[in-house]
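Written below as structure tokens is the structure these notes are about.
Everything numeric here is computed off the predicted structure, so don't read it as measured data. For this chain, numbers begin at 1 and follow the sequence in order.
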Amino acid sequence: MKRTNIYLNEKQHEKLQEQAEKEGVPVAELVRRAVDAFLLWDDPTYHPTPPKPQTRNSHSSPA
């Protein structure tokens with residue numbers, strides 16, 4: 001993945017934050033989905049790359 005910065009107005013950011021919390025995903029994932037939806041709408045031959053499952057390393061804390 002490539003890192004990029006975007007500027008959102010306050011309402012956009014607030015709504016994305018709410019949706020991200022509701023779905024349990026990062027705001028960046030919602031932005032990627034929106035970009036994929038736009039690219040597919042613009043070019044029906046576009047095939048988005050399926051997202052890789054997010055795994056978190058679970059480490060035991062010392063007792």
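Within a 6.0 Å sphere centred on CD of E18, other residues, nucleotides and ligands contribute more than 12 heavy atoms.
Between E10 and K15 there is no salt bridge, since none of the side-chain N atoms of the basic residue sits less than 4.0 Å from a carboxylate O of the acidic one. In summary, K11 and E14 do not engage in a salt bridge, as defined by a charged side-chain N under 4.0 Å from a carboxylate O.
Nearest heavy-atom pair across V27 and Q17 is CG2-OE1, 2.9 Å. Nearest heavy atom pair, residue A20 against residue P26, reads CB-C, 4.1 Å.
A distance of 5.0 Å separates CG of L39 from OH of Y46, quoted to the nearest 0.5 Å. Distance CD/E29 to CG/L16: 12.0 Å, rounded to 0.5 Å.
In this structure a side-chain-to-backbone donor-acceptor pair under 3.5 Å is present from Q12 to N9.
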>> Under the criterion side-chain contact (heavy atoms from CB on, under 4.5 Å), I'd like the reasoning laid out for H47 against L40: C-alpha separation, chi angles, the key distance, then a yes or no.
In response: CA-CA 7 Å; H47 297 288; L40 185 58; over 6 Å; no
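Clustering ILVMFWY residues whenever any of their side-chain heavy atoms sit less than 4.5 angstrom apart, transitively, puts I6 in the very cluster that holds F38.
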